S.K.: 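I'd like to ask some things about the structure below.
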Amino acid sequence: MKNIEKELKYLKVLSKQYPSISKASTEIINLEAILNLPKGTEHFISDIHGEYEQFVHILKNGSGVIKRKIEELFSNSIRDSEKKTLATLVYYPEQKLELIEKEEDNIDDFYRIYIYRLVELCKYASSKYTKSKVRKLLPEDFKYIIEELLNENVEQVHKQNYYKSIVETIISIDRAKEFIIAISKVIQKLVVDRLHIVGDIYDRGPRPDIVIDTLMDYHSVDVQWGNHDILWMGAASGEKTCIANALRISARYSNLDIIEDIYGINILPLATFSLETYKDDPCTCFMPKGEEISTKQKSLVAKMHKAISIIQFKLEGEIINRRPEFEMNHRLLLNKINYDEGTINIKGKDYKLKDNNFPTIDKNNPYKLTKEEKIVIEKLVSSFKNSEKLQKHVSFLFSKGSIYLVSNGNLLIHGCVPLNEDKSFMKMKLQGKEYRGRELMDKMETLSREGYFFKDKTKQKQYGMDIMWYLWTGQCSSLFGKDDMTTFERYFIEDKETHKENKNPYFTLREDEDICNKIFDEFGLDINESHIINGHVPVESKNGESPIKSNGRVIAIDGGFSRAYQKKTGIAGYTLIYNSQNLQLISHEPFTSTEEAIVNESDILSTTMLVEHKLSRKTVKDTDAGKKLLDEVKDLKLLLMAYKKGIIKEV
């Protein structure tokens with residue numbers, strides 16, 4: 001009885017939106033039609049690592065989707081050189097038009113020809129969507145005009161003059177440039193319905209901020225956090241160890257500009273402290289990578305690099321001692337150093353240290369910060385928390401992001417689902433309760449959000465901030481996916497055996513279809529249709545490694561988007577396109593420059609590999625959005641019945 005009353009109450013609320021049989025029927029017809037449209041194209045990108053130029057270009061060309069549509073539409077009607085110009089115009093309309101206006105003798109003719117071509121391309125790209133959806137993507141200034149041009153048939157004799165008149169008027173009133181820019185951006189939006197960023201926007205590359213600014217303006221996007229993202233999210237929350245790590249990595253890759261110039265974080269206290277503390281120390285082990293800075297700058301950055309690294313190791317010790325449930329005591333290394341001999345004992349073996357100058361470490365209490373170090377880190381905490389731009393970016397990552405995402409039958413996760421060697425899910429005790437599998441990942445996400453959003457100086461916030469650091473470096477972290485992060489060893493010990501970081505068993509076991517099926521079951525997915533889409537571990541394609549694992553059940557799309565990994569992978573990244581009929585993996589060659597792409601119309605050389613082909617097209621009905629629409633149709637049909645039976649009266 002209660003269920004009937006509850007259902008009736010809901011239908012009465014619904015009747016306010018659809019107050020008559022006619023309106024409810026019209027909406028049912030509309031939704032049923034939408035359900036049978038082809039599903040929109042999804043675009044997957046991972047491990048961008050601040051490489052903004054290549055990222056923006058791939059975003060603009062839809063991993064080659066725009067070029068393919070141009071080829072399909074104009075295969076025999078225009079020259080290859082014209083196809084290149086059309087593609088470049090869609091990618092970079094403002095910049096390309098600037099060049100063309102200087103070169104073209106008759107710019108009006110150029111406008112006329114390319115407006116017609118752009119309208120045809122836009123019409124072709126919009127064919128799988130409803131008029132309503134296309135309308136929402138149109139810019140306000142040209143909404144009516146573009147809509148008219150898209151919906152008119154130029155072949156109809158009685159409409160030819162109307163169609164021609166619109167185009168000629170656009171040119172005659174000097175609005176052609178603005179119109180081309182507007183419709184080009186509409187095409188970019190139409191070719192990709194949903195963008196998925198599978199982790200690691202931050203670190204190594206120069207401008208992660210441009211990547212996030214671009215994503216914030218994108219029409220439909222979600223982000224699965226990477227370990228480098230959660231590090232910056234922890235830093236923005238004020239977690240000291242995450243701040244130290246973020247600064248250390250920026251110093252290591254000669255990229256302190258992102259800290260100081262882009263995010264406005266004051267690093268002068270760290271620089272001053274470093275120069276005073278390590279003035280006679282060459283800090284050879286901490287020389288930054290990259291040739292872009294002078295020898296004098298390198299010396300300063302190396303000192304800052306060493307100073308923040310030592311602070312980091314001390315702060316990590318505080319968390320490890322504070323959180324025994326993290327089970328990371330083996331990462332307490334400062335107390336294993338023989339400061340007189342300049343050696344360290346790890347796993348029962350003594351190693352000579354490459355650098356034995358530790359002026360800020362008290363060998364009787366090695367994890368205690370000096371008074372000066374405390375001042376430096378407190379000032380940095382204040383700067384990170386008060387960086388308006390950083391807070392804006394991290395708020396975006398929380399609002400659009402998650403540790404994992406189940407989307408249209410696929411599991412998107414940056415790193416792994418933590419597994420043991422015996423194929424069971426890794427377990428971890430958090431706040432007195434044991435978690436594993438999906439539950440563990442859900443719990444860690446909840447705690448991370450508490451670490452950012454809860455008020456300062458509360459136990460919940462502190463625990464959440466500690467979890468964000470653990471997600472960066474802990475064994476049970478799905479984002480990290482290794483047993484240890486051997487940062488100390490890489491700086492101070494020559495023996496590379498100590499540098500080894502063992503990957504979670506998942507990365508071997510994901511080749512086993514039974515394991516994939518176990519994971520699909522854990523996340524409520526269809527074992528026959530679903531895929532796991534990973535980033536995080538670069539696929540060494542130059543050594544013959546395939547990004548397609550377990551007979552197509554797993555697709556690893558970290559192919560070296562970041563320049564730092566391209567020697568290892570042999571390419572410049574993978575992206576994935578999932579449309580109504582195909583799942584396509586695209587491998588990319590290195591991107592030269594935006595200027596080269598605009599001036600010489602050079603696109604990224606890409607190779608497409610078909611992962612999966614469906615004989616029948618997937619429709620909106622087969623998507624997550626479609627399931628919601630089916631529920632709406634069901635509710636509307638109940639409302640229709642209630643109207644017909646007189647249970648609810650029409651207005």
Side-chain angles (χ1 to χ4, degrees), residues 203-204 231-232 234-235 238-261 263-290 293-320 331-335 337 339 342 344 353-363 365-385 387 469 472-473 485-493:
D203 290 332
R204 291 186 171 83
L231 178 67
W232 280 80
E239 204 291 303
K240 296 173 185 177
T241 324
C242 289
I243 288 171
N245 270 280
L247 272 165
R248 177 184 61 78
I249 294 168
S250 293
R252 182 176 174 81
Y253 289 92
S254 306
N255 195 21
L256 286 169
D257 288 352
I258 186 67
I259 302 284
E260 195 169 23
D261 298 338
Y263 284 134
I265 290 163
N266 183 12
I267 57 173
L268 183 60
L270 175 63
T272 305
F273 168 76
S274 305
L275 284 169
E276 289 173 357
T277 307
Y278 298 100
K279 59 185 173 183
D280 299 321
D281 187 339
C283 299
T284 309
C285 299
F286 295 87
M287 281 293 164
K289 295 177 182 288
I293 58 176
S294 67
T295 303
K296 188 176 180 181
Q297 283 177 306
K298 273 193 174 183
S299 176
L300 171 59
V301 173
K303 294 180 194 305
M304 293 168 69
H305 188 183
K306 182 173 182 178
I308 200 64
S309 297
I310 299 301
I311 290 171
Q312 174 193 313
F313 300 139
K314 290 183 179 185
L315 291 168
E316 286 174 343
E318 289 182 11
I319 297 183
I320 292 167
R331 293 307 306 159
L332 294 171
L333 299 179
L334 297 185
N335 55 309
I337 296 174
Y339 291 92
I344 186 169
L353 295 174
K354 292 192 290 180
D355 182 338
N356 191 32
N357 182 35
F358 300 112
T360 67
I361 294 180
D362 176 355
K363 63 182 178 181
N365 191 0
Y367 298 102
K368 184 181 178 182
L369 293 169
T370 65
K371 180 184 175 183
E372 292 77 15
E373 286 174 324
K374 281 182 182 176
I375 291 169
V376 167
I377 199 66
E378 289 300 338
K379 285 181 177 178
L380 286 169
V381 168
S382 177
S383 282
F384 269 80
K385 288 176 72 175
S387 167
W469 171 78
W472 158 247
T473 191
M485 188 178 289
T486 56
T487 306
F488 181 93
E489 293 90 327
R490 288 169 186 268
Y491 284 127
F492 290 101
I493 302 173

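Remember, predicted model here, so these are calculated numbers, not experimental data.
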S.K.: Just by distance, no angles: are the side chains of E373 and T360 close enough, under 3.5 Å, to form a donor-acceptor pair?
M.R.: yes
S.K.: Kindly write out the residues that satisfy side chain to side chain donor-acceptor pair (under 3.5 Å) with D362, not counting sequence neighbours, or none if the list is empty.
M.R.: none
S.K.: Side-chain contact test, heavy atoms from C-beta onward, threshold under 4.5 Å: evaluate it for K306 versus V301 and give yes or no.
M.R.: no
S.K.: Report yes or no: does S254 contribute a side-chain atom to a donor-acceptor pair with the main-chain N or O of K289 at less than 3.5 Å?
M.R.: yes
S.K.: With no hydrogens and no angle check, is any side-chain donor or acceptor of R252 less than 3.5 Å from a backbone partner on R204?
M.R.: no
S.K.: Using the salt bridge (Lys or Arg N to Asp or Glu O under 4.0 Å) rule, collect all pairs that involve residues 263-280, keeping only residues at least two apart or in two chains.
M.R.: none
S.K.: Judged by modelled atom types alone, do N335 and Y367 share a side-chain donor-acceptor pair under 3.5 Å?
M.R.: yes
S.K.: Return the orientation label for the Y278 and F273 ring planes: parallel under 30°, perpendicular over 60°, tilted otherwise.
M.R.: perpendicular
S.K.: Please determine whether side chain to side chain contact (heavy atoms under 4.5 Å, CB included) holds for the pair F488 and L334, giving the CA-CA distance in whole Å, both sets of side-chain angles, and the decisive distance to 0.1 Å.
M.R.: CA-CA 9 Å; F488 181 93; L334 297 185; 4.0 Å; yes
S.K.: For atom NZ of K363, is the number of surrounding heavy atoms from other residues, nucleotides or ligands below 6.0 Å larger than 12?
M.R.: no
S.K.: When rounded to the nearest 0.5 angstrom, what is the spacing between CD1 in I258 and CD1 in I249?
M.R.: 13.0 Å
S.K.: Charged N to carboxylate O below 4.0 Å: is that the case for K240 and E318?
M.R.: no
S.K.: Run the side chain to side chain donor-acceptor pair (under 3.5 Å) test against S299 and tell me which residues pass, sequence neighbours left out.
M.R.: none
S.K.: Quick one: sort the F492 and F358 rings into parallel, tilted or perpendicular, breaks at 30° and 60°.
M.R.: tilted
S.K.: If only side-chain N and O atoms count, and only distance matters, is there a donor-acceptor pair under 3.5 Å linking R248 with Y253?
M.R.: no
S.K.: Are any side-chain N or O atoms of S387 and backbone N or O atoms of Y263, one a donor and one an acceptor, separated by less than 3.5 Å?
M.R.: yes
